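First the structure, in the form of structure tokens, and then the observations on it.
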Amino acid sequence: MTSTASKNPSAVRHHQQPPLPPALTDADIVQLAQLYHPQSSTPLPAFLLSEDSHQTLVSYLHSRASSPNPSLAVSEYLSALLSLTQLHTSLSPLVPLLLSSYISLYTSHKIPHNKSSLSIFQLFVTHIVTVQVQELPAIVELIISYLPRIIDSEDTHILVIFAKCIELIRFSNEIGKPLEYVDKVFNKLLSCDWSKVLLLKLVEIVKDLNFIGKGKRKEFLERVFSGMKNVDLQDLPGLVYQLLVLGSKGFGKKEVIEGIVMYFGGVKSGGSIMRQVEGTVLLHVNFAVKQNPSLGQEVLGLVRSDYRVFNHFTVAILLSVARVKRLTESSIGVLKTSLFAAYKDLKFARSCKWLSCDLKEHYLRTYKDMENAVLRAVGESNCGREHVVPSIVQLGFVLLEGIEEGSKFFDKSDDVMGPDELGAQVLKSLFEVHDMARSEIIEQCKLRILSLKPEQGFPVIRLLGCLIHTFTYPMLEHISHLKELLDYFTFMNDKVSSHFVAALLPLSRLSRDLQDYTILVLRKAMFRQEDSIRLAATSSIVNLILAEKQSTKDGPFSCQDSSSQASSSQQAEVFRALGSSLFQELNGLLQRCLFQQAKVREILYRGLLKLVLVDPLTSGVVFDFLFPHFLRFYREDADVLLDVNQCTKSESGKVYIQEPLDCLLSCISWMLLLQPHGKADHPSDSWTCFGFSLTQENEQAGKAWSKGSLSNALLKIRNYLRNADMEGILSKTQDTDSSHLEGEKRRCSSSILLGIIEVMLNIVGTEFGKTTDGKKLELEKELFDFIGIFESLDQNICRQGGGSTQRVSIRTTASNVSEELEFSGSKLCPERVPLLATSIIYQLLQSTVESWRCYGFNNNVASQKHSQSSSGKAPTQYYKVLSFTLNICLRQLKASSVMRQQDPLKMLIYGEIKQLGSPLLKMIWCLLSETKSMIDSRKKDANMKKDLDDRKEYIHLGLLSLKELLAVMLHELDYSVLIDELATVSGPGDEGGNAMDGHRDTKCEKADDIPYEYTSEELFIKNSIRPLISMLLARSFFREVEVLCDVIMLISNKLPEEQRNLVGNWAKCICKTSKTSNPKAAKSIVSIAILLTSPPNDLVIAEDMAAELLKVVGSESERGDSQVTLDAYSIINKSTSAPLASLILDLVESVIHETEWVIMKLKIYSLPNTRAVLVYQNGEKDTRLALEETVYSRAEAVVKVLSSFVKMNLKDPKAEQLVKLAARFYKNLARMSKLLIASKGVQQPLPSLKYQKLVEITCRQLTAPLYNFVRLMQMKQLDNTKSKALVSKIKRENRCIPDLIYQIEDCEKYLIQISKATKINLLRHAKRSTSRDFKIIEPQNFPVEEDAGIQDADNNGAARGERESSENLCDEGHGVEDDSVASAHDDDEGNEAEEAYNSPRGAEDDSVAGAFDDDEGNEVEASYNSPHGVEDDSVAAAFDDDEGNEVEEAYNSPHGVEDDSVAGAAAADEGNEVEEACNSPLVVVASESESEAEAADLPKAKRAKMRRVVEDSDDEA
């Protein structure tokens, strides 16, 4: 090789032309590169160093590309050449030639695209820095032209060098305008077609192009996410990883997160492969967030800003991000907040009457989508995303515990789940899908039951019970956790502990171990001193026995419908658990319950009755159990059969009921009444599985003695009580104790006897319903006798208790009826458990109605008092029966509303409670069957007047019972049956009805003539409610009118909107024709007229009534009570004006509250989100426009209503309420105006016509009168400065009035901004405010300033227009609060200047902010704030110079006690306005004489200060 490289001798001799160096072959070059050492002193051949050899070297490249193995040949040759160029810089010009040639070969597919080509391009990257920058654009153009032809992943190897070339060009100074060139290249890149492999490669290499602008980055990401739908599923995880790398480097972080969420969230269903891909993507996100937590913050911010991005993948990402420790609470909190907010929005939208159906459907669809997204994310959690399982557990319990803060509105609905129910469903799904999560769920349930409040613990117990019921056999593996929780039974809340044991009952049927452990815990609890623990233990023991009997009745394999089958060992345990009777095992423990307090005994008696209901074969054992205990109080041979004295106990000076003997007798009587029915319907085949059969003969022999003895005893007690002297029985209970204890014991004994009489009534009534006609009269007489005894005892208790029956300290029963029933007649004890069946009450009602019709109670009662009917029953007995029946009916209905639906006694005692509706309504019609003339004649007789008052009370009781019945049945399945029955009941005929009514208006009847198919609710209202209200109004039964109005409001929820409007229209007619003076009745009728009228007509009615109220109440300027003739609503008068004004103000307050919610929704929709814009289909208006139009119309109606109130002479506290409502309204208007202001850099749109109209009406009708209302409101304080009762009122007004002024000025500040941006003067109707600081008030009235407009002409005179400026908005403030002033002026050149004076009201200072325009129209703002110790004033002067420029000066002066504020505006000779105002707080007015100051009880320092102010004012004047 050395000899070859030496010089030729012949060339040395010829010096005329030097010969060319000998050429090297490509093989020689490869060999040279292999043997050449960088540290060798041997120079390279001249052939390589000569520039003439470049073409030859490039030709070798093309020749090798034609070889049989071009990939190896080309890569070997290029590697050799590039290694030599790295050693000698003189070979650098060869690099761009080789690169261009290789790119040509690569793009023409003359060489294969494989790993060798990739290594060559990577090798070129290391040598590209040696290339002249001027030659790089040609290489870039080659690469750009090749991009559309890339279809395979190996075709993208060429892009390895692309990023390096762009970077060198970008930072080079050798090319003119490198930035523009790079932008052009990037635009070409974005404009060409991208294949899916090109997209993947571009995302990979673009991270090196960190110098790309923000706009280009956004375009690039949009192109990437739009092309993701074409990417193969297996390539998606890698693409997402690269995108996350881009985001972590700051390359469009927000856009990356949003794009990933929206792409995977839009996938409806992709099968198992797609779920696996999403799982891998979640792992990538989790890893990226751990490396760069700011990515996680972007995810949280995205969901917080717009709930429209909420989908199943969003939930999955948040759950994955929650695994990062620092973001756990934030991620779960965002999920919880989003779900709760969506549910609140749904409930609010449903309750808001003036939202359109489309908007309500939108919020329903939104919440259901979020609900389905959560459930889908949980259901797919087993597809490669097990790392999110702990987060799902945490989310489920967070939703479950949220019931406390949302318990008032999280009512269950048929179509959606509440957040608590959703949390339970999440945990149930997770329990089913993931075995590893089961132990964690059970452990978390245990911890939360022990640590949470009872209200929050109940949902967790329900979840646990649901898991036990649904996954019974899998739960057997976690009994150890449940037993640990049972150890805390005595430390839990009594309700929580009893509910927990009840939840374990299905599991205790299958596990003997759990059952025995539960019994052990309950035995220990029975020996605790706390009453609540013993009550919970007794209830749990009864439930345990009932569960065991129920499992025996259902069969040994009743639980095998669970999701998992039991193992053989578990099935064997099932048989062992059913092998014995718990009642026999726990007999001793139950005997102990008979010696506990009365509450425990009542629970036991009811439990034994439930036991007989579940398994009638146990009745004999129960009779044997109760009979010895019964003999303790029964004396068969004594004069008094019942020893009531042993039932009471005195301790520590108080008397208690120790033995609820009435409950014991009720239990025994019910079991005896159920015996024939039990024999026929309950065959004794429950024990056949154990090898024997218990026949009816065996059963009768086992229980005949105790049953017969108890039956005979009850019969003797029944006969004894009917004929016994109650006073004699009660007198035998007295002892030698103090008179106070004697009275208490007598009252307790009377209470027990009342219950026993109820038991007897139940027995007699049951026989009365089953007997033949021969015995009916005798039983009816016996029934009446017991009712008479009951009434006398009840009245005796009321007399002893001083008119109120305080039985809470005597006995508290198992029922939780807390509402006290007080009537002017007899009064029943509210805490008593109903012992009378509903069927008996129904029979009494039916019998009373028939007797009432039969014996003609409409005749003269005086003559009837001395006459007897054919059956020997005096009319006074019917009055007693009627009084007893209506009272007991109302008590029964109230007790029914608190008893659980699944209680076995529900059907036994209450039965078909809906059947009471028809006889109740008939009874009411019977009581109202007298004509008005007969009533008027009877009022003149004193004896008849008492009868009329009693009848009025019975009507009231009947209506209360009917209202309570409708409330109980409103959400039951039998509600439609009840309404159908009530609809068939009608009063007297039309002629009689009209005669009795005398108050029906023809206008109100026009709607009835329209042919229409009425629903049951409409018929009930039309045939009964409306005539009843008219009759009651005519007879001045106002309490009853209120009850009927409540009934209308109850059933109106079931009416469609059109029918509700008809009812509202009828009530409106009543308001126009009725002249009632009862405030409560008038308020109820007006409530129906307004609340049952659909928007916007409801506020139209309110506006008309407010105008009528203004006539009645009088305006502020009319202090006299002049007589006013009303044309519209006769119901409005002096007596009813106050409650009706409160009603309308409450309506306005609710509308303002709803408006606040709508504005919050508008704020959300105003946030730009290009990927989540939610619009309606079919070209309808989007949600924001619909909401805006609705809220503008509603706000305009509110202004019209308030415009009448601000003119009224309102008394406190309605005046204060009006000021607060006005402040809230202006605050909402300011928020609406702020949303209309365009962001910086965005063109300001013109406000809608509805908005302009709203602003105009507000300025004209509300703002101007409101200033006068506040001024006169404060003047009233001056007339009563010596009244100490006004101190608190003045303090309240010192808070609300400055807030109102601030809200008005804040609103007008935004109106000024909109006016400047749109050139529309929104404040042309605004009122010039009066001064609100220290001011001397003259004796004469203040004139109301008119609206002022200023017309300015243009300097050129070409165009003239009217420009009305908004005046200074100043209101009357106080010495305690600060003031704010906002004004807008136009200078001589037509430039608008703004002055805004705002101050925080936390302290007592004033601040001045001024904004003015200079000669060029630029706005300059200046704010001056001055803190002061007690009070300070600020002096602001604004004047115009000769050139028309406005100059502002602000002077602040701190003072120790008081100071003055002077605002002056001065202008030059050009005719500018001059203003001087001296203002003073109106709470304390400066007196011109010292005597007046002394009369105001002012300190000497203040009086001296006021004298100086007066003197200064006189000098200035």
Side-chain angles (χ1 to χ4, degrees), residues 393 396-397 399-401 403-404 407 410 412 417-432 437-489 492-511 513-515 517-519 521-522 536-537 539-551 554 558-564 566 577 610 614 900-904:
V393 174
F397 281 106
L399 295 178
L400 205 60
E401 295 167 11
I403 186 64
E404 184 186 23
S407 58
F410 288 164
K412 297 299 180 292
M417 294 185 292
D420 57 327
E421 189 176 351
L422 178 61
Q425 186 63 36
V426 165
L427 294 172
K428 283 171 57 181
S429 302
L430 191 66
F431 191 91
E432 181 180 7
R438 294 176 179 175
S439 298
E440 179 64 21
I441 292 176
I442 302 300
E443 186 66 23
Q444 290 296 325
C445 286
K446 183 185 75 173
L447 295 176
R448 281 168 166 79
I449 290 174
L450 294 176
S451 61
L452 294 178
K453 299 178 181 178
E455 295 80 6
Q456 293 176 304
F458 286 136
V460 182
I461 295 177
R462 286 197 295 269
L463 168 67
L464 192 61
C466 186
L467 293 177
I468 291 174
H469 183 270
T470 309
F471 311 101
T472 307
Y473 290 111
M475 285 295 294
L476 290 174
E477 302 174 2
H478 306 281
I479 286 181
S480 59
H481 295 281
L482 302 177
K483 290 169 66 176
E484 292 176 4
L485 188 55
L486 274 173
D487 291 335
Y488 295 92
F489 182 90
M492 298 181 192
N493 179 272
D494 55 339
K495 295 181 180 179
V496 172
S497 58
S498 58
H499 279 75
F500 172 64
V501 174
L504 296 181
L505 294 180
L507 204 59
S508 64
R509 303 177 189 177
L510 305 180
S511 174
D513 180 33
L514 180 61
Q515 186 185 83
Y517 198 83
T518 304
I519 294 173
V521 171
L522 296 179
S539 178
S540 301
I541 291 171
V542 170
N543 291 333
L544 200 62
I545 296 174
L546 290 175
E548 187 260 345
K549 288 299 180 182
Q550 186 65 43
S551 65
D554 295 340
S558 60
C559 296
Q560 286 195 359
D561 57 347
S562 179
S563 60
S564 303
K610 295 176 185 178
V614 172
R900 291 183 298 176
Q901 190 68 30
Q902 64 271 21
D903 197 320

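In this text the structure is predicted, and so the values were computed from the model without any measurement. The basis for the numbers below is simple: all heavy atoms, side chains too, and nothing from hydrogens, waters or symmetry mates.
Distance check, rounded to the nearest 0.5 Å: NZ of Lys428 to CD1 of Ile441 gives 12.0 Å. To the nearest 0.5 Å, atom CG of residue Leu422 and atom CD of residue Gln425 are 8.0 Å apart. Of the inter-residue distances, the one linking Asp420 atom CG with Glu401 atom CD reads 11.5 Å to the nearest 0.5 angstrom. Atom CG of residue Leu510 and atom CD of residue Gln515 lie 10.5 Å apart, to the nearest 0.5 angstrom. Between Arg448 atom CZ and Leu464 atom CG the span is 13.0 Å, to the nearest 0.5 Å. Rounded to the nearest 0.5 angstrom, Cys445 SG and Leu485 CG are separated by 9.0 Å.
Every residue was checked against the salt bridge (Lys or Arg N to Asp or Glu O under 4.0 Å) condition with Glu440, not counting sequence neighbours, and none meets it. Evaluation of the side-chain contact (heavy atoms from CB on, under 4.5 Å) rule for Val496 yields Ile449, Pro454, Phe458, Ile461, Met492, Asn493 as partners, not counting sequence neighbours.
Screening Leu507, Leu476, Leu463 for a side-chain contact (heavy atoms from CB on, under 4.5 Å) involving Ile468 leaves a single residue, Leu507.
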List the steps and the verdict of side-chain contact (heavy atoms from CB on, under 4.5 Å) for Leu427 and Leu467. CA-CA 9 Å; Leu427 294 172; Leu467 293 177; 6.0 Å; no

Given Phe489 and Val501, is the side-chain contact (heavy atoms from CB on, under 4.5 Å) satisfied, shown in steps? CA-CA 9 Å; Phe489 182 90; Val501 174; 3.5 Å; yes

Carefully, step by step, assess Leu514 and Leu486 under the rule side-chain contact (heavy atoms from CB on, under 4.5 Å). CA-CA 10 Å; Leu514 180 61; Leu486 274 173; 4.0 Å; yes

Kindly indicate, with the supporting measurements, whether the criterion side-chain contact (heavy atoms from CB on, under 4.5 Å) is fulfilled by Ile519 and Ile541. CA-CA 8 Å; Ile519 294 173; Ile541 291 171; over 6 Å; no

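Between the Ser539 side chain and the Ala536 main chain, no donor and acceptor come within less than 3.5 Å of each other. In this structure, His469 contributes its side chain and Gly465 its backbone to no donor-acceptor pair below 3.5 Å.
Side-chain contact between Leu452 and Leu447: absent, with no pair of heavy atoms (C-beta onward) separated by less than 4.5 Å. Within the 4.5 Å cutoff, the side chain of Leu400 has no heavy atoms near those of the Arg462 side chain.
Counting all heavy atoms, side chain and backbone alike, Leu522 lies closest to Ser540 at CD2-CB, 3.7 Å. In this structure, Pro474 and Arg438 approach most closely via the heavy-atom pair CB-NH1, 3.8 Å. When all heavy atoms of Phe431 and Met475 are compared, the pair lying nearest together is CZ-SD, 3.6 Å. Across all their heavy atoms, Gly423 and Leu399 have their closest contact at CA-CB, 3.8 Å. Of all the heavy atoms in His481 and Glu443, the pair that sits closest is ND1-OE1, 3.0 Å. Residues Ala547 and Arg509 approach most closely at O-NE, 3.7 Å, considering heavy atoms.
Other residues, nucleotides and ligands place more than 12 heavy atoms under 6.0 Å from the OH atom of Tyr517.
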